[in-house]
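Below: one structure, written as structure tokens.
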Amino acid sequence: MHAKISSYQVIAVMALAGAFAECMNIPNDVSEYTMQRFAVLIISNALLFLLCIPLIILSKKYPNDNFFSIIVQKSKVLGWIVLTILGLHLMAVIVFLIDKFEFYVQNTIMSTAASPVLVALFFIAVSYGFIKGLQAIMRTSIIMFYMFIGFLLLLGIALFIRMNFNYFYPTLIETPKTLVSEIIPEIFKKTEIYVFLILCKHIDKKPHRAISLYVPIVFSLTMFMNFLYTAVLGPYLQRVSFPFYAVSSLADIIILDRLDGIDLVIWTITTVLQVIAVLLSIKSMLSELIDEKKAQIATLPIILIVGVLSLFGATNRSRLVKDYSIILMGIVFVIFIVGMPIISYFIKKGLDKNDKNKETQKPEEAAINTAAN
């Protein structure tokens, strides 16, 4: 069995992942320079919290279980089916994360880096972290989270003299269709929630607290990041590839001329941590069906497969973006983040009811046997 972890460690991994997802927002993918971006963040995070309510209820009611362990208690065959579907999706998510990270690195500070070399080095780090295990990864995530918070504060101080608060002015939302087209991807790109969905049973106390706090924390981080973009870049926001990297490059303090190097270090370790957490989630599901050691061994080929697919993606990015559109549609997100917690909640209630009926029947059967003798 996995060792226990704290809810704050899980929050740290998820919050870092959510912040990196925001960092990867290219201006061409979001609204024109208006205050609409803030409206998108407010509405999308409110809807995300509502979608997570079934997951919060399940983890609060059954803190020692997750949706998958409940499914396995009902039927191992059903467990294998769910594992296959979700496992393939999580593998696709990993390839997608690595592709985004590689795209970010090659378009910022390491434009001349060879894609295969980046992917190979990345998976060496991932393999090492996977072998070290869940607790080691979660402890590292706490350190990185505090480092990121410190970096944001340092960035805010360094950029204060460059801020122009006249850039903040109320604007009307262009069209409802444009707003909706931005809100939906904003919700469904939160793939880090899968980590909580599976690893929640390994949280020592109050697992529901992790997902309850995750949404407001990520909301606060992304709002502050967008505040920096708007206050510093203003109408020039559309002319830069990556807003967060751009403002990091503009920041300077006495010791450091630019902070974009720290930015890259944080996102590199964040992506490694998120990929390892997803792989450990797959291993956790496997360990519900087979022995722990066998689950560890069975996950190793998955790492190799994902690595090969990532190398393929390094030379076929345009094709991959098209293939990943099915993930961004959020079909799997709705099924597993919303639907499965509801289904497993009622399955668990049914199982508990059957167990209670069996316990009440045992004394009655014993009494009947005694009377017959």
Side-chain angles (χ1 to χ4, degrees), residues 1-5 9-10 13 55 58-59 62-98 123-138 191-204 207 210 272-310 332-333 335-337 339-341 343-352 354-355 358:
M1 296 295 292
H2 283 294
K4 289 291 184 179
I5 54 178
Q9 291 172 334
V10 177
V13 170
L55 187 52
L58 179 68
S59 58
Y62 304 108
N64 297 319
D65 282 304
N66 60 19
F67 92 95
F68 188 73
S69 64
I70 294 172
I71 294 292
V72 172
Q73 291 170 31
K74 180 68 175 177
S75 168
K76 279 199 171 186
V77 174
L78 187 59
W80 280 109
I81 295 171
V82 172
L83 172 62
T84 302
I85 297 171
L86 184 55
L88 288 173
H89 177 68
L90 291 178
M91 289 172 67
V93 166
I94 292 173
V95 176
F96 186 41
L97 288 171
I98 295 169
F123 269 93
I124 290 173
V126 167
S127 300
Y128 176 77
F130 177 78
I131 293 170
K132 294 298 289 183
L134 185 61
Q135 279 194 322
I137 295 307
M138 291 301 171
T191 54
E192 62 271 13
I193 298 180
Y194 291 110
V195 172
F196 175 82
L197 176 70
I198 299 165
L199 297 182
C200 61
K201 67 173 292 183
H202 303 296
I203 298 175
D204 55 357
V272 170
L273 290 173
Q274 190 178 2
V275 169
I276 296 171
V278 175
L279 288 169
L280 288 170
S281 299
I282 296 174
K283 176 194 167 186
S284 178
M285 289 192 294
L286 278 167
S287 63
E288 296 286 345
L289 296 164
I290 58 178
D291 181 73
E292 179 79 17
K293 290 183 179 179
K294 291 180 181 178
Q296 175 93 2
I297 296 170
T299 312
L300 296 178
I302 294 175
I303 298 176
L304 180 61
I305 292 169
V306 170
V308 172
L309 290 173
S310 298
V332 180
F333 185 97
I335 291 172
F336 284 98
I337 302 301
M340 280 299 178
I343 294 170
S344 55
Y345 177 84
F346 288 106
I347 289 175
K348 185 64 175 176
K349 284 193 72 173
L351 292 172
D352 289 347
N354 291 337
D355 291 340
K358 289 178 181 179

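Along the sequence shown, residues carry numbers from 1. Note that this is a predicted model, so its numbers are computed, not measured.
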Flag side-chain contact, heavy atom, 4.5 Å: Leu199 against Val10: no

pair Val13-Met138: side-chain heavy atoms closer than 4.5 Å: yes

Working for side-chain contact (heavy atoms from CB on, under 4.5 Å), residues Gln274 and Thr191: CA-CA 10 Å; Gln274 190 178 2; Thr191 54; 3.7 Å; yes

Name of the residue among Ile198, Leu197, Leu289 meeting side-chain contact (heavy atoms from CB on, under 4.5 Å) with Phe68: Leu289

Pairwise side-chain contact, Glu288 with Lys201, heavy-atom cut-off 4.5 Å (strictly under): yes

salt_bridge(Glu292, Lys283) N-O dist < 4.0 Å: yes

Centroid-centroid under 6.0 Å between Phe336 and His89 rings: no

CD1 on Ile337 to CZ on Phe67, rounded to 0.5 Å: 8.0 Å

Side chain to side chain, Val272 and Tyr128, heavy atoms closer than 4.5 Å: no

Interatomic distance, Asp291 atom CG to Ile297 atom CD1 [nearest 0.5 angstrom]: 8.5 Å

By side chain to side chain contact (heavy atoms under 4.5 Å, CB included) - contacts of Leu300 (at least two apart): Phe130, Ile303

Where at least one partner belongs to residues 64-74, residue pairs that pass salt bridge (charged side-chain N to carboxylate O under 4.0 Å, His left out), sequence neighbours excluded: Asp65-Lys348

Beyond-backbone contact of Phe196 with Ser59, side-chain heavy atoms, under 4.5 angstrom: yes

Side-chain touch Ile70/Leu58, heavy atoms, less than 4.5 angstrom: yes

Spacing of Leu90 atom CG and Ser281 atom OG [to the nearest 0.5 Å]: 7.0 Å

Atom pair SG (Cys200) and CD1 (Ile5), whose distance is rounded to the nearest 0.5 Å: 9.5 Å

Derivation of the side-chain contact (heavy atoms from CB on, under 4.5 Å) call for Trp80 and Ile85: CA-CA 9 Å; Trp80 280 109; Ile85 297 171; over 6 Å; no

Ile335: side chain to side chain contact (heavy atoms under 4.5 Å, CB included) partners, not counting sequence neighbours: Ile331

Phe123: partners by ring-ring contact (aromatic ring centres under 6.0 Å, His included), with sequence neighbours left out: none

Gap separating the NZ atom of Lys76 from the CG atom of Leu83, nearest 0.5 angstrom: 12.5 Å

Within-4.5 Å side-chain heavy-atom neighbours: Val95 and Val306: yes

CD1-CG distance between Ile81 and Leu86, expressed to the nearest 0.5 angstrom: 13.5 Å

Side chain to side chain contact (heavy atoms under 4.5 Å, CB included) partners for Ile137, two or more places apart: Leu273, Ile276, Leu280

Gly79 to Val72 - nearest heavy-atom pair and separation: CA-CG2, 4.2 Å

Tyr345: side chain to side chain donor-acceptor pair (under 3.5 Å) partners, not counting sequence neighbours: none

